Trainee: 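Can you read through this structure? Questions will come right after.
On a predicted model such as this, the values are computed, not experimentally measured, just so you know. Below, all heavy atoms of this structure are taken into account, side chains as well, without hydrogens, waters or symmetry copies.
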Amino acid sequence: MQNISINTSVNSPFTGFNEKICHARKEAGLETRKECTKPSTQLKMASLAGTVVTTLAALYLIAKHPSQAGKFDKNASTLSNMFSIQYDKPRTLLALGVGTITGGLAGGLLFDKKENQGAKLKEGLHQFIGNIAVPLLIIECGFGIIDKYKLRFPAMKGSGKGVQIANIVIDKLPRILTSLFGIAVGIPLGNTVSNACNSLLFQQPDHRKLKVMDYGIHADEVFEIAAFVDGSGKWKSVLGKILPITYGICGYLTGISQEKSEVTSRHCKNVTTVI
């Protein structure tokens with residue numbers, strides 16, 4: 001018996017032999033990997049529509065300004081306030097996050113296959129805990145420490161316009177750095193916490209990796225920093241319009257989530273066989 005190495009790449013003269021080898025490896029369960037199927041256009045539209053509807057509902061309720069007694073102000077001008085809300089409290093952002101995720105999840109569940117329900121529930125938990133709740137909790141705790149101990153950087157001396165602008169930034173710098181720290185640490189930590197929660201709830205290991213879009217909902221931090229520096233209120237108005245969109249990413253991604261299925265490669269290259 002002699003060992004002969006045969007190049008069975010797709011472009012080799014042994015193409016027919018290559019197909020047999022690939023078929024045998026497929027039957028043996030080799031060269032398989034798990035991939036998510038692409039969501040259909042109908043599912044994308046349903047997830048987007050659901051997210052928009054419940055986001056508007058959340059904005060409507062938030063604009064009513066709940067009183068200390070827990071009742072809503074029926075006389076509040078909601079339509080004019082819906083896109084000029086001051087997002088200065090974590091509960092306001094949490095309410096917005098719940099609204100966006102609920103709509104995306106509902107739209108996805110209604111217009112997708114039953115076997116993808118688990119993936120959507122897991123992603124919804126990831127989005128809420130990992131991308132919203134944990135980062136906000138860290139930022140809020142940081143703000144509380146700053147306010148309690150009155151942590152400030154020393155101001156610059158001088159009276160010029162440049163010095164005045166610099167002192168505005170310096171005055172807000174502890175909050176700016178805390179916000180950036182909350183995002184940098186909170187999102188990876190939240191992803192770990194949500195993985196643990198999903199593993200416990202669904203009784204199977206969950207190893208979701210961080211995605212670029214996980215940081216996408218915090219693009220509003222750029223506008224928040226601008227709002228800190230600019231005292232005219234112009235950027236706060238922009239922030240009120242941007243936040244519902246950035247948080248809407250959470251709901252949309254929840255709705256289009258798909259379960260991973262095993263995919264077998266159709267081609268195999270440079271197989272060494274024995275004749």
Side-chain angles (χ1 to χ4, degrees), residues 33-39 43-44 46-48 50-52 54-55 58 62 87 89-144 178-221 224 243-261:
R33 62 188 182 278
K34 288 189 174 183
E35 290 184 355
C36 293
T37 56
K38 292 183 178 180
L43 177 59
K44 290 180 180 178
S47 300
L48 180 61
T51 300
V52 170
T54 54
T55 299
I62 294 171
Y87 296 97
K89 296 179 180 179
R91 66 182 181 184
T92 306
L93 292 168
L94 289 173
L96 179 62
V98 169
T100 60
I101 293 172
T102 301
L105 178 62
L109 291 176
L110 288 174
F111 289 87
D112 202 0
K113 299 176 182 178
K114 186 177 180 180
E115 52 263 32
N116 290 322
Q117 290 181 356
K120 300 181 193 305
L121 294 172
K122 291 178 184 178
E123 184 64 21
L125 199 60
H126 273 296
Q127 293 294 337
F128 182 73
I129 294 178
N131 293 343
I132 298 176
V134 172
L136 283 178
L137 180 61
I138 293 176
I139 292 172
E140 182 62 17
C141 289
F143 284 178
T178 300
S179 297
L180 296 176
F181 177 80
I183 295 170
V185 175
I187 292 180
L189 177 61
N191 187 69
T192 301
V193 173
S194 56
N195 276 339
C197 290
N198 278 333
S199 298
L200 182 63
L201 290 174
F202 293 92
Q203 297 297 309
Q204 58 182 5
D206 189 16
H207 303 291
R208 178 186 183 274
K209 296 180 180 180
L210 285 175
K211 305 174 184 177
V212 175
M213 292 301 291
D214 290 333
Y215 292 89
I217 69 165
H218 293 285
D220 58 278
E221 294 295 333
E224 287 189 18
L243 261 174
I245 298 174
T246 57
Y247 269 57
I249 296 173
C250 297
Y252 178 74
L253 293 178
T254 298
I256 65 173
S257 292
Q258 304 282 288
E259 284 286 1
K260 290 184 178 180
S261 57

Trainee: Indicate the atoms forming the closest heavy-atom contact of Ala58 with Ala95, along with that distance.
Mentor: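 Closest pair (atom of Ala58, atom of Ala95, distance): CB-O, 4.1 Å.
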
Trainee: Any chance you could lay out the side chain to side chain contact (heavy atoms under 4.5 Å, CB included) test for Asn131 and Ile249, step after step, and finish with the verdict?
Mentor: CA-CA 11 Å; Asn131 293 343; Ile249 296 173; over 6 Å; no

Trainee: More than 12 heavy atoms of other residues, nucleotides or ligands under 6.0 Å from CZ of Phe202: yes or no?
Mentor: yes

Trainee: Search all heavy atoms of Thr246 against all heavy atoms of Leu243 and return the closest pair with its distance.
Mentor: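 Result for this residue pair: OG1-O, 3.0 Å.
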
Trainee: Could you go step by step and tell me if Ser179 and Phe143 meet the side chain to side chain contact (heavy atoms under 4.5 Å, CB included) rule?
Mentor: CA-CA 9 Å; Ser179 297; Phe143 284 178; 3.6 Å; yes

Trainee: Using 0.5 Å steps for rounding, measure from the CG atom of Leu210 to the CG atom of Asn191.
Mentor: 4.5 Å

Trainee: Looking at CD1 of Ile132 and OG1 of Thr100, how far apart are the two atoms once the value is rounded to the nearest 0.5 Å?
Mentor: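 Rounded to the nearest 0.5 Å, the CD1-OG1 separation comes out at 5.0 Å.
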
Trainee: When you compare the side chain of Tyr247 with that of Leu93, does any pair of heavy atoms fall below 4.5 Å?
Mentor: yes

Trainee: Can you pull out every salt bridge (Lys or Arg N to Asp or Glu O under 4.0 Å) where at least one residue sits in residues 188-213? Sequence neighbours excluded, please.
Mentor: Glu123-Arg208, Arg208-Asp214

Trainee: How close do Thr54 and Gly99 get, counting heavy atoms only, and between which atoms?
Mentor: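 Where Thr54 meets Gly99 most closely, the heavy atoms are OG1-O, 2.6 Å.
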
Trainee: Heavy atoms only: give me the nearest Cys197-Ile129 pair and the separation to one decimal.
Mentor: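 The answer is SG-CD1, 4.1 Å.
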
Trainee: Contact between Leu94 and Phe128 at the side-chain level, heavy atoms closer than 4.5 Å - yes or no?
Mentor: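 Yes, close enough: below the 4.5 Å cut-off.
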
Trainee: Can you tell me how far apart OG1 (Thr51) and CD1 (Ile245) are? Round to the nearest 0.5 Å.
Mentor: 12.5 Å

Trainee: Taking all non-hydrogen atoms of both residues, which atom of Asn116 and which atom of Glu259 are closest, and how far apart?
Mentor: OD1-N, 3.0 Å

Trainee: At what distance, to the nearest 0.5 angstrom, does CD1 of Ile187 lie from OG1 of Thr192?
Mentor: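 Those atoms lie 12.0 Å apart.
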
Trainee: Output all residues satisfying side chain to side chain donor-acceptor pair (under 3.5 Å) with Ser257, sequence neighbours left out; order by chain, then residue number.
Mentor: none

Trainee: Might you point out which heavy atoms bring Ile139 and Gly182 nearest each other, and give the distance in Å?
Mentor: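 Smallest interatomic distance, heavy atoms only, reads CG1-CA, 3.8 Å.
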
Trainee: Atom OG1 in Thr178, atom CD in Glu140: separation rounded to 0.5 Å?
Mentor: 11.0 Å

Trainee: Are Leu201 and Leu121 side-chain neighbours, meaning at least one heavy-atom pair lies under 4.5 Å?
Mentor: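 Sidechains of Leu121 and Leu201: no contact.
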
Trainee: For residues 92-118, pull every pair meeting salt bridge (Lys or Arg N to Asp or Glu O under 4.0 Å), keeping only residues two or more places apart or in separate chains.
Mentor: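 Residue pairs with at least one partner in residues 92-118: Asp112-Lys120.
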
Trainee: Run through Lys122, His207, His126 and flag the one making a side chain to side chain donor-acceptor pair (under 3.5 Å) with Asn198.
Mentor: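 For Asn198, the side chain to side chain donor-acceptor pair (under 3.5 Å) test succeeds with only one of Lys122, His207, His126, which is His126.
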
Trainee: For the CG atom of Leu43 and the CG atom of Leu109, what is their distance to the nearest 0.5 Å?
Mentor: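 Answer rounded to 0.5 Å: 9.5 Å.
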
